[in-house]
Every structure is written in structure tokens, then in C-alpha cells.
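What's counted below: heavy atoms across the whole structure, side chains too, no hydrogens, waters or symmetry copies. Predicted model, so just to flag it, every value in this text is computed and none were measured.
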Amino acid sequence: DGSFVLPPTPWSTRPGSQVQVLAIQDGGGVGVGYARLPKEDERPTPITIRLSAAGSVAGQVRDLAGEPVGGALVTLVVDWSETMKRAQRRPGQAQVWQVLRIAQDPRYSRLDVVTNDEGRFVLEAVPRGAYRVSASFGLHSVTAEDLVVVEGGAAVSQDIELGEGTSIEGYVLDGEGAAVPGARVTAYPEQQRGPMGQSSRLSARSQSDGRFVLHNAATGIYTLRAWAGGYESKSLRGISAGQSGITLTMVPLGWIDGVVQHLGRPYQGTFTVTAKPVREGATNPRMESSRLVPGGGNRNTFHTDDGRFTLRNLKAGKYDIAAQTPDGLIVAQVPRVDVADGRGTRATVELVGGAVLQGTVVDDATGEALVGAQVSVRGAPGADGPATSAHTRTDAQGKFVARGLSSALYVVYVYPPSGIPFHQSIEVQAGETRTLNLRERQSGAIQFSVRDSAGRPVESATPRVKSEAGPEVWPSWQALRREGVSMRGQGWSSMIRTDASGANLRRHVPPGRYLVSA
């Protein structure tokens, strides 16, 4: 009669936890449902799983001469955008994306097949959805432009012509006209039809003479992009399928060679060097530094016996060079250097002892140590932010140590196990050791009433709570979970926006002074 009973699995035996239940019919549809494991003395609530209707896709793969291609791999690629659009127009299809995720798992369904000697293929038990048909054989690959829509029980036909197709050809050169071998050249259709650009993206490598050939270009206009180590990436728009004689000119990037010293001698050991771009007229240099990626050209970690370092792949411009060591050495006077395209420049960085900030984090009410609290020391908001920061965690006694801080005003952010962060400002000088005892006090709340100029309540307004140190205060997800508050549906929205009466209770606000707005 379609009924079933499943025993609880070892990894989901916690009463009240939610489980996902999958149903797969051999040669047919798939379905998904959700159930909550009953608590003690509760009866399980039955769930109903509806299997998605399945169809089939058949066709033939031929080459440019019209001959069948046997042994070609045919794959159905889900067009998520079109599938979700169609699902929204059909009642009861809200979980179509989950069904298709199951269908793409080869344990439950097969969305690929190999053609027979006559080049024909049939894909059975295909879940309802929108797809693109892709075929590949050897070095040749093509995705049909026409969308394949599978409805329940229907058979869809789609033939594919497989061949080299139209090509896009050209050269990758540097600014002096020399070849750039090994560059990766990629073409993306400017009017994308495939899912997430996966099926219709073309890719090739430039050869020793800089020449590249992109095969299997469909009719349309493409954007070309080229990447190569030591060069700034290059893009060209408006490239037509079949176009040749294209030149992608890549600008060689610059680099910085330098040495890190301590007490007048090359530093031996591990150190991290950062090249921070100097933006003329920038309102917040700290925002610029936040865009740096560790391990890239702007920042890297070295371990040498002679203090030497090289930062490569830098765009032309001015840079401030900073360095830091694990034992708390920092740069006192930050050198500024000019980097030119295709050229290297030199820098000498002198290290001095940084400030040390130590202390404890305890519960204000009980005096007990807060174990495992995250402590983040960052520069106070403003244009003259410091070049250093530190991140650490409290030990079993609630103690923490943050090293390598320059002379500046900092904000110490504490993220305790309760999930409600708090902070405190402190000013330090390079070379000194400061002790800061932080206490987590019980949080409070702010009752907001938002009205317009006529005194009418304003619904769905968002009150803003900003501390004097700069960061905004929001309800804590971790604390809400501990309190058993559900964030499903409009749960989070009700926490941060006003209701129909213009009221909002902003919870989890640590003691302090705040600027409020809406």
C-alpha cells in the first residue's frame, strides 16, 4: 500500500532532530521528504513522499559529414535557471531542486550514456526538468543549443552534430610583441545559454609562438580572457565565432626583492611580508589592506636564513611594505616603494619589538574563566589605522596573549562561548606589555518604536545599533539557538525589523553607549 517504516539510524538518534528521507523507484522517479524523530513518549508523525514523474531522452550523434558516431559520451546537464522557473509555475514542485540533486547521484540515477554503433542513445528514467544535451568523443565536444524539457512520461528527441565546429584563433603577446607561451585562454558566450557557463566555455593554452586555437565555438559573440603567471590578466569583448588574427596583449607585472633585518642583521626564521597598495585619496587604508589575499603577490610567508624575500605579480603603483614574525617583531618605519610594469624594485625592512597585549576573560557574575573565547585585536575605525592585528583564543584559565602590535588605538573584540560578542578599546605603544582584564557582563536589550513624521507606525524598518568603537550590534544566532528560538521563515526578519505597530526589541546588546538609527 506504499507505506514504510524506517528504524532510526545511528547518526540521527537524537530525539527531535530532523532527517531527510529519500525514495527512489527502480527505473522511475525519485522523491524527498523530511521527518522529525519523535521525542520520548511521542508517536512518529507519518510523512508522504511524492515521486517525481520521469521521462526519457533519445537521439543520435553524427559528425559533420552526417555519419553516426559510435562510442560518444552523451550527458544531460541540468539547466537550473529554467528548471526552477518552470517549477515555480507548478504547484507542489518546490522541492524539484532536491529531486534533481538526487538524480545527479550515479548511485540512484544515470544522466549519461554511450552511443551504440549507429550513434544512437536513450536515457531512461530522467526526472522532470530542463536540460542541455552534451556529447563528447575524443577531443571533440559540443553542447546542443536547444533546451530539452522532460515532462512526466514523455519521450524527448534530440540529435547532436559533433565536429570541430567553428574556431577562434589568435596570439597572446606581451607589450613588446614577444610571445607569451602557456597562457590559459578562455572564451565565454556574452549571451550565456548553458548552465552557469559550464557547458559552453571554451579553453586552450597558447603555444611557444603565443598562438591559441579555441575549437567548437557555437554561433554567437564571446568574451576572451587570458591568464599567465607574471602578467596582468587580459579581456577582449565582442569576439565572433570563426574570428582569427586576434591579439591579446598582456602587461608584465612587477615585483619587489627585499631583505628583512633585525638589529642591523638579516633576520633568520619565519616572517610574513605584505605589500599594501597606496591609493591616492583613499578614505580608509585599512579597507584596502583587507582585500589582500594571503599567499598571493601582495602577501606571503617566508622562512629563510638570510632574510631575503620576493613578492611577485604586483601591478604598477606605490606600495607600503610591512613585515611581522610569529614572535611579535614588526616594522617600525614602513618603507614605501614604486613598482613598475615588468620591473623589480628593492626594499629593506627593519624589524623591532611589537607591543604585547595580555589578559584574561571571565564571567562578570561568577568570576569563572571563559575557556576557548576568541580574542581579535584590530585597529580602531579611522583613516590612520595601524598596520598590525592579532587573533588568539583563551586557554583553560581564560588567559590570552596577543603579540606584534604597533603603536595605535585598538579595539579588542571578544567572541565568548555564549555567542554574544563584546569589545573594549585600548591604546598601546610598540615594545610595551599591557594587561587587560575583560569581563563578560549580562547583555541587555533596546526597545525601539519607529514612526513617520505624522506619528504613524513604520512597519519593516530596520533599527541600527552602533557602538562608539564602530561595529554594529545584531542579535546572536548562536545565542538564539541556545535559547530555542527558531530562525525558520520570518524568524530572523522579526528579530531585526519592526512589526505592524512599529516596534522592535533588539536583543543581545552588551552594556555600553550606542548610536541608534533606523
Side-chain angles (χ1 to χ4, degrees), residues 139 141 164-192 194 196-198 200-218 220-258 273-280 282 288-289 291-300 302 309-321 336-347:
L139 298 177
S141 177
E164 292 189 6
T166 308
S167 63
I168 299 175
E169 304 180 25
Y171 290 85
V172 182
L173 308 176
D174 64 15
E176 298 180 354
V180 179
R184 184 163 66 93
V185 183
T186 308
Y188 301 86
E190 294 185 2
Q191 295 295 328
Q192 182 60 53
M196 302 300 291
Q198 296 176 356
S200 49
R201 183 181 65 185
L202 312 176
S203 184
R205 291 277 187 179
S206 60
Q207 304 303 307
S208 58
D209 59 355
R211 182 172 181 265
F212 68 89
V213 180
L214 296 163
H215 292 286
N216 303 322
I221 305 299
Y222 288 82
T223 293
L224 266 59
R225 292 176 183 159
W227 293 267
Y231 295 85
E232 185 175 357
S233 61
K234 176 68 175 179
S235 297
L236 280 181
R237 294 179 60 86
I239 304 299
S240 303
Q243 190 170 338
S244 60
I246 302 165
T247 299
L248 288 164
T249 303
M250 305 189 71
V251 177
L253 296 169
W255 66 92
I256 299 173
D257 288 318
V273 181
T274 304
K276 298 184 178 181
V278 178
R279 311 295 186 188
E280 299 295 339
E288 298 294 341
S289 66
R291 300 173 187 167
L292 304 181
V293 179
N298 290 94
R299 177 183 296 166
N300 220 329
F302 303 86
F309 67 90
T310 300
L311 294 177
R312 299 190 181 277
N313 301 334
L314 299 174
K315 294 183 179 181
K318 297 181 182 295
Y319 292 85
D320 287 339
I321 311 302
R336 179 169 293 182
V337 298
D338 289 308
V339 175
D341 290 333
R343 294 184 178 181
T345 187
R346 297 196 58 81

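- The shortest heavy-atom contact between Trp227 and Arg225 is CH2-CB, 3.5 Å.
- Applying the salt bridge (Lys or Arg N to Asp or Glu O under 4.0 Å) test to residues at least two apart or on different chains, none of the pairs has a partner in residues 242-254.
- Residue Ile221 comes nearest to Gly238 through the heavy atom pair CG2-CA, 3.4 Å, listed as atom of the first residue, atom of the second, then distance.
- Taking both residues in full, the closest heavy atoms of Val172 and Ala183 are given as CG1-CB, 4.0 Å, listed atom of the first, atom of the second, then distance.
- Here Asp174 pairs with nothing under the salt bridge (charged side-chain N to carboxylate O under 4.0 Å, His left out) rule; sequence neighbours left out.
- Considering every non-hydrogen atom in both Ile168 and Ala241, the closest pair reads CG1-CA, 4.2 Å.
- A distance of 9.0 Å separates CG in Leu214 from OH in Tyr222, rounded to the nearest 0.5 Å.
- Under a 3.5 Å cut-off, the side chain of Ser206 and the backbone N or O of Gly182 do form a donor-acceptor pair.
- Annotation for Ser208 and Ala179: closest pair O-CB, 3.7 Å, computed over non-hydrogen atoms.
- The CD atom of Glu232 sits 4.5 Å away from atom NZ of Lys315, with the distance rounded to the nearest 0.5 Å.
- For the pair Leu314/Asn298, a side-chain contact is recorded, criterion being any heavy-atom separation below 4.5 Å from C-beta on.
- With sequence neighbours left out, the side-chain hydrogen bond (donor to acceptor under 3.5 Å, both in side chains) criterion links Arg184 to no other residue.
- Residue pairs that meet the salt bridge (Lys or Arg N to Asp or Glu O under 4.0 Å) test with at least one member in residues 235-250, sequence neighbours left out, are Glu190-Arg237.
- Of the listed residues (Asp338, Asp320, Val337), just one forms a side chain to side chain contact (heavy atoms under 4.5 Å, CB included) with Val278, and that residue is Asp320.
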Tabulate below the donor-acceptor pairs under 3.5 Å that side-chain atoms of residues 245-258 make, not counting sequence neighbours, or state none.
{"unit_1": "Trp255", "atom_1": "NE1", "unit_2": "Asp257", "atom_2": "OD2", "d": "3.2"}
{"unit_1": "Asp257", "atom_1": "OD1", "unit_2": "Thr310", "atom_2": "OG1", "d": "2.7"}

Pair Phe302-Leu311, side chain to side chain contact (heavy atoms under 4.5 Å, CB included): steps then yes or no: CA-CA 10 Å; Phe302 303 86; Leu311 294 177; 4.0 Å; yes

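- For Glu169, the side-chain hydrogen bond (donor to acceptor under 3.5 Å, both in side chains) partners are Ser167, Arg211, not counting sequence neighbours.
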